[in-house]
Amino acid sequence: MSDVTELDARPTYAFLGPAGTFTEAALLQVPGAANADFLPCSSVNAALTKVREGKATAAMVPIENSVEGGVSATLDAIANGTKLQIVREALVPITFVLTVRPGITELSQIRSISTHSHAWAQCRYWAEMNTPNAEFIPASSTAAAAMGLLDADVTYDAAISSPLVAQQNSLNVLQTGVEDNTGAVTRFVLVSLPGTVPPVTGSDKTTLVIPLPEDHPGALMDILDQFASRGVNLTRIESRPTGEGLGNYFFSVDAEGHIHESRMSDALMGLHRITPDIRFLGSYPAAEQLSPNYGRHNSEEAYREARAWVDGLRGITGGL
Ligand SMILES: O=C(O)C(=O)C[C@]1(C(=O)O)C=C[C@@H](O)C=C1
């Protein structure tokens, strides 16, 4: 069930549905997706639950947007509960269109707009400038909002969605490119139950959940030093409340490198000594080519030589 790439002849992938979401676009990037069953779900959490219950091989979930930042629902759901593992990532360029129900022909007629809260956050200023009287109606996804316009009993005037869902369902597009920032990208991750870690490619990421230890002044500095002193670059770091009272936080971190590389495994050991409840969420190939610049002293060769040197000393002295 967990070895997404090898074991399942016909995998089942859970995702935020219905068809036409950006999450589905991310799933379509997975090799072999054409021979998989897609299981649409009403939320990120519902998709992850399908994996935890063994009803899906893996779930595709958004984790980070270049405008809005981390997707809290995903960060929290994978940090807690039954352990899960990220096996790959996918990047989807984001652009939005405004579709309208029959009878609406001008922006000034729009009194309500439905979409996913993350999409709304990316189009907020456009909406303020162009449809100042429009109320935001939250939807479970952009595609769900757009498809709602086909319903005879639709209660809102417009929806914000991907251009594809509008085109595939012949919806009335009143305005294209309604996003506040052009060139936005959302990063998605494919999550399964823990299994084999994908092999090292030299261009990998490792995702971690690092709880802040109590009664440890300078804990964040000590945590960051585990990465810095081994030349491990961080590509994302966010703090999230644990939900267990004010002042209790964990850090959600993406780092360049793979657990099978010595500088990363050494950093993980250092982190475990500081905060034993650390959660490893996987090492997987980066969607874009990374060229980690960690220095000769953090290379595999340097670690190998150093290990051999210490082993030699231990042999001579009878153990240090
Ligand atoms: O509603 C969708 O289409 C989704 O796939 C969800 C989602 C998100 O959660 O960020 C994905 C990408 C966009 O940034 C907006 C919405």
Side-chain angles (χ1 to χ4, degrees), residues 13-30 33 36 38-51 56 58-79 86 88-99 113-127 136-150 156 158-169 171 173 175-191 207 236 238 240 252 254 287-288:
Y13 294 135
F15 73 106
L16 178 67
T21 59
F22 290 101
T23 311
E24 190 198 41
L27 202 41
L28 289 168
Q29 293 183 23
V30 174
F38 282 21
L39 181 57
C41 298
S42 58
S43 69
V44 162
N45 214 24
L48 292 171
T49 301
K50 293 287 181 207
V51 177
M60 185 62 87
V61 290
I63 191 166
E64 180 184 4
N65 173 266
S66 61
V67 177
E68 260 304 286
V71 179
S72 313
T74 301
L75 297 177
D76 295 348
I78 59 179
I86 299 172
R88 66 182 302 127
E89 67 172 9
L91 303 179
V92 176
I94 304 292
T95 181
F96 296 107
V97 296
L98 183 85
T99 49
I113 303 176
S114 183
T115 192
H116 188 272
S117 56
H118 260 226
W120 184 249
Q122 294 174 66
C123 303
R124 199 185 278 139
Y125 296 110
W126 180 90
F136 163 51
I137 312 287
S140 57
S141 71
T142 55
M147 298 305 285
L149 291 174
L150 295 174
Y156 45 86
I160 289 176
S161 72
S162 72
L164 194 62
V165 78
Q167 186 199 333
Q168 284 176 346
N169 296 284
L171 298 171
V173 176
Q175 180 90 46
T176 58
V178 299
E179 61 274 10
D180 298 326
N181 295 65
T182 49
V185 176
T186 295
R187 178 173 159 243
F188 294 82
V189 286
L190 187 65
V191 180
T207 300
R236 183 183 61 83
E238 275 165 284
R240 291 287 309 148
S252 174
D254 293 329
E288 284 180 322

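Counting starts at 1 for both ligands and their atoms, in listed order.
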Taking distance alone, with no angle check, do F22 and ligand 1 share an N/O pair under 3.5 Å?
yes
Do N65 and Q122 come close enough that some side-chain heavy atom pair is under 4.5 Å?
yes
Are I160 and V97 close enough that some pair of their side-chain heavy atoms sits under 4.5 Å apart?
no
If you compare H118, E24, Q122 by their heavy atoms, the one closest to atom 14 (O) of ligand 1 turns out to be Q122
Indicate yes or no: at least one non-hydrogen side-chain atom of S72 is less than 4.5 angstrom from one of L75.
no
Pairwise side-chain contact, E288 with L91, heavy-atom cut-off 4.5 Å (strictly under)
yes
Geometric N/O contact T21 with ligand 1, under 3.5 angstrom:
no
To which protein heavy atom is atom 4 (C) of ligand 1 closest, and what is the distance rounded to 0.1 Å?
T23 OG1, 3.5 Å
Please work out whether the ring planes of F22 and F96 are parallel, tilted or perpendicular, with thresholds of 30° and 60°.
perpendicular
What are the atoms of ligand 1, with element, lying closer than 4.0 Å to any heavy atom of N65?
14 (O)
Any Lys/Arg nitrogen of R240 or D76 sitting under 4.0 Å from an Asp/Glu carboxylate oxygen of the other?
yes
Side chain proximity check, F188 to L27, heavy atoms < 4.5 angstrom
no
For ligand 1, which atoms have a heavy atom of L16 less than 4.0 angstrom away?
4 (C), 6 (C)
How far is atom 9 (O) of ligand 1 from its nearest protein heavy atom, and which residue and atom is that?
H116 CE1, 3.2 Å
Are any of the heavy atoms in V71 under 4.0 Å away from ligand 1?
no
Which one of I160, T142, T186 has a non-hydrogen atom at the shortest distance from atom 2 (C) of ligand 1?
T142
Quick check on contacts: which atoms of ligand 1 are under 4.0 angstrom from a heavy atom of S141?
1 (O)
